[in-house]
Enquirer: 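One structure is given below, represented as structure tokens, and several questions about it will come after.
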Amino acid sequence: MATEVHREVHEQRESARPPLIGPGHNFATVTDKISALALSRPTSRRWWLGFGFSFALVMLLLLAISHLLVRGVGIWGINVPVAWGFAIVNFVWWIGIGHAGTLISAILLLLHQQWRTSINRFAEAMTLFAVACAGLFPLLHMGRPWYGYWLVPYPNTMQLWPQFRSPLVWDVFAVTTYLLVSLMFWYVGLVPDMATLRDRSTHRMGRIVYGVLAMGWRGSARHWQRYEAAYTLLAGLAAPLVVSVHTVVSFDFAVAILPGWHSTVFPPYFVAGAIFSGFAMVLTLVIPIRALYGLHDFITARHLQNMGKILLATGLMVAYGYLMEAFAAVYSGNPYERYVQVNRMIGPYALMYWALIACNIVTPQLLWFRAVRASPVALFGVAMVVNVGMWLERYVIVVVSLHRDYLPSSWGMYSGTIWDWATFLGTIGLFLSLVFLFIRFMPVISIFEMRTLLPEAKVKEELP
Amino acid sequence: MSTALQPVDFPPAARRSAFFAGALGLTVIVALGLWRPAHSFRSYLVAFLAWLALPLGCLALTMLHHLTGGRWGMALRHIWHASVNTLPLLALLFVPLLVGMGYLYPWAQPEVVADDEVLRTKQLYLNVPFFVVRAGFYFACWLVLAYFLNRWARRSPSTADGEEPRCFRLLSGPGLALMGLTVTFAAIDWAMSLEPHWFSSIYGVMFANGQLLAALAFAVLLTLMRGPRLDPDVQRDLGNLLMAFTMLWAYLAFAQLLLIWSGNLPEEIPWYLRRLDHGWQWVALSLLLLQFVVPFMLLLSRAVKRDPRKLATVAALILAMRFVDMWWTVAPAFPSESPLWRCLDLAAVVGIGGIWLGVFLGALRTTPPDLVVEELPHA
């Protein structure tokens, strides 16, 4: 049958590719190596240094928030006309970073991309931490975060309902759903590994904590069957969320009729940008961790290559978005639309615009070359540049569009104050602290899924 | 083994009847053209754009598959190749549109432009010579891509280890980027500029996705109808892919509708007002139900994806709705004509479609069944 030939060709091609797991591993070594990171390996001085530095930044965050609560949002640089400054820029930046996790876990799982296995756990954790950082900003931006629950629709004596036509309210639902589903997905995926750690832990405390988290997992056939069903269902639930969250974020801008915001290409282009920045952040974190903890056998050159290709593809989609925005502005013949584009290119913030083009469009073109994709150092460099570029993109969208709108009499300028920067750096510290804790106490790579990649896990299926 | 690799096969009678139907349809359109040239060209444009979606979508899918690999594509590849081979015919069929430009595009009518300030500012882009040069460039890009992909595929590309030659991937990456740009600007030039005041930056993405959806549904339909039985896993993957592109269609359509509806700007909203009035609202409703809701619900079911006949029915529905969608997108641009008056569009769809199908079936016969698999030593 033709289909058998197709299958054979496919398998031949698969086997011709570099393997997803280094040579010489078996079930025991995979388990040992990954669980040792959390259980037996002594906490290194470098870990303490890194964690200490990140935690110092968390202290800075707490200071900035306390000052904000005492003095109000006036300590930030926001003004009229630029009422959305760093808070929204950072919110969109963080939430974008949080997209790679679910994409890798859910969509690549549904597409049978096996190379996702060694990076999915890590990327999901990163997603949660990034969404946590993102969630802080709209709350703080309210000025009175303790009234945050007013955004939730519930019958109350004040007869107060949120404005359902506002995308900002949709954001509350989209981001909360995303956080909850990502958390469940991550945790459900962790359960079998928690049981492994529980069984191998030599410390009483470790046995208790991992034991509680493992929820009585014994690895029986029925457990595995239920687990597989639950995990696939959650993947199916999570997949649309990858698209929905950043779509709603793009509506925050595009539903307004402000030139520079009101563009129909925003939803797909924001989603592409989110995946772009998410993969850049995964690379930024994975490459050093792989080198420091010697995980070359599990996170192979092929993984890095594939992530480089996704970075290039999504980067091209983002470039397409910029092009369409610029073209629509010129083509529209609308003087306000045209002015926004001109103001971006040669206005007071032109430097940021061109830096953004250099970071997000020019630099990723290096990824066309195999040599760049094969070099971890070069990939890391490109990913860092993209991280910066994506922050600049949001800055240009938020600030440059707002600071000069229809009425020249209400034009103004904006720049972040020291408290804006302190809050931003503080969330980076929070993010990194959580990453450090995660590396120290959790299995950074899914142990049981890695075992399924081993040759002895392959059972030859009988063809019907 | 090679006997098992039957191509999707149609009897010669199918080709003959396709050509006959095509000739009949084109005769009606030409006859109409002698009486009311504007109407004739309008119908012709809708049909041309609808059929162009198939070879262009197949070209993009071929390149996409060269980049991603996967078993789902191998079963469909020879259909894509045959479809891509019809591109020269479509370049030829484009020529009448150059003749009819003055009837179709307001910006190509000097007296309209003279009275319209917005159109005067747009003349830098929307003018006749530049339009012709751009169209030539788009077709040149597509034909060059098609030529190389087919040539390499015919030249026994497989090496012993089953790895495809690198040239495919080296061409497909930049090729897809080029496709994205040329299809976008072709959509802007040929369809969006029918209403030259209106613009939407998502338009090119919608057009390209529509082409991919049409081409995938077409190839799946043909394979399931006449080809070898598919592996159940591959068949399920194809069903899922159809569902993914259907969802993407709904996503893009909804995004544009929501943003334009909520903005309610005088330069944007007329596009929807024209398409939700004069009977077009029923066409829009049918799109919502039959291009999205029904196929989506059906493709969720594993039983539908497993049964070749049911999956083929869904693919046929999706493909048919692609034509309705193109009609709804393009035809209301022409002032105050209700769908009933536009029944003659069907003649153009049959006319171009008959000729296209005839040429396609011919190409299918001369295309090797699976260009890569056939050359393998053990096949």
Side-chain angles (χ1 to χ4, degrees), chain A residues 1-17 107 110-113 165 167 239-240 243-244 247 250-251 254-257 262-269 271 309 312-313 316-317 319-321 323-335 337-338 368 463-464, chain B residues 1 4-6 67 69-71 74-75 117-119 121-122 124-126 158 161-164 173-174 176-177 180-181 184-185 188 197 199-205 227-232 234 237 240 247 251-252 255-256 258-260 262-265 267-268 369-370 372-373 376 378-379:
Chain A
M1 281 298 285
T3 54
E4 282 163 36
V5 181
H6 290 153
R7 186 193 287 271
E8 271 175 54
V9 174
H10 181 72
E11 278 170 9
Q12 267 181 0
R13 287 201 184 144
E14 270 304 310
S15 59
R17 285 184 181 173
I107 295 195
L110 298 175
L111 291 177
H112 321 295
Q113 297 289 319
R165 278 191 173 195
V243 178
S244 72
T247 299
S250 81
F251 287 160
V255 161
I257 52 169
H262 185 68
S263 182
T264 47
V265 82
F266 260 38
Y269 137 63
V271 173
K309 284 180 191 167
L312 175 62
L316 289 174
M317 292 180 206
Y320 176 91
L323 177 73
M324 278 302 111
E325 259 196 301
F327 177 78
V330 176
Y331 177 88
S332 72
N334 177 325
E337 294 280 345
R338 285 185 177 183
W368 285 103
L463 284 173
Chain B
M1 264 301 184
L5 292 172
Q6 289 279 330
L67 288 179
R71 280 166 61 203
M74 290 184 202
E117 202 194 321
V118 178
L119 288 193
T121 63
K122 289 190 178 194
L124 199 62
Y125 184 79
L126 293 179
S158 312
D161 60 357
E163 185 76 20
E164 237 172 34
L176 267 182
L181 289 178
T184 297
F185 283 97
I188 292 171
H197 283 246
F199 62 94
S200 167
S201 47
I202 206 176
Y203 199 77
V205 186
R229 254 190 97 76
L230 289 175
D231 184 294
V234 170
D237 284 352
N240 284 335
M247 284 162 75
Y251 170 75
L252 297 171
Q256 179 179 279
L258 178 84
L259 292 179
I260 289 182
S262 71
N264 204 15
L265 294 174
E267 56 190 5
E268 289 182 345
D370 190 306
V372 177
V373 172
L376 280 175
H378 62 268

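Note that these values count all heavy atoms, side chains included, but never hydrogens, waters or copies made by symmetry. Just so we're on the same page: letters track the sequence lines, and every chain starts at 1.
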Enquirer: Side chains of B:L259 and A:F251, heavy atoms from C-beta outward: is any pair under 4.5 Å?
Expert: yes
Enquirer: Considering only heavy atoms and a distance below 4.5 Å, find which of A:P268, A:A313, A:G333 pairs most often with chain B.
Expert: A:P268
Enquirer: Is it the side chain or the backbone of B:V205 that comes within 4.5 Å of chain A heavy atoms, both, or neither?
Expert: both
Enquirer: Let me know if B:E117 has heavy atoms under 4.5 Å from chain A in its side chain, its backbone, both or neither.
Expert: neither
Enquirer: Measure B:L176 against the heavy atoms of chain A and call it side chain, backbone, both or neither at under 4.5 Å.
Expert: neither
Enquirer: Considering only heavy atoms, which portion of B:N240 lies under 4.5 Å from any heavy atom of chain A: side chain, backbone, both, or neither?
Expert: neither
Enquirer: Listed by chain and number, what are the side chain to side chain donor-acceptor pair (under 3.5 Å) partners of A:S332, not counting sequence neighbours?
Expert: none
Enquirer: If you round to the nearest 0.5 Å, how far is CG of B:L252 from OG of B:S200?
Expert: 10.0 Å
Enquirer: Non-hydrogen atoms of chain A under 4.5 Å away: do they reach the side chain of B:Y203, the backbone, both or neither?
Expert: neither
Enquirer: Any idea which of A:L312, A:L316, A:T247, A:T264 has the most non-hydrogen atom pairs under 4.5 angstrom with chain B?
Expert: A:T264
Enquirer: Which bit of A:Y331 comes within less than 4.5 Å of chain B, counting heavy atoms only: side chain, backbone, both or neither?
Expert: both
Enquirer: As an exercise, state the distance from CD of A:E337 to CZ of B:F199, rounded to the nearest 0.5 Å.
Expert: 5.0 Å
Enquirer: First locate atom CG of B:L181, then atom OH of A:Y320, and finally report the distance between them rounded to the nearest 0.5 Å.
Expert: 7.5 Å
Enquirer: Not counting sequence neighbours, which residues clear side chain to side chain donor-acceptor pair (under 3.5 Å) with A:S263? List them please.
Expert: B:S201
Enquirer: If you count heavy-atom pairs under 4.5 Å with chain A, which of B:V118, B:L265, B:L124 comes out on top?
Expert: B:L265
Enquirer: Please verify the inter-ring angle class for B:Y125 with A:F327; under 30° counts as parallel, over 60° as perpendicular, anything in between as tilted.
Expert: perpendicular
Enquirer: So which of A:V265, A:V243, A:V255 has the largest heavy-atom pair count under 4.5 angstrom toward chain B?
Expert: A:V265
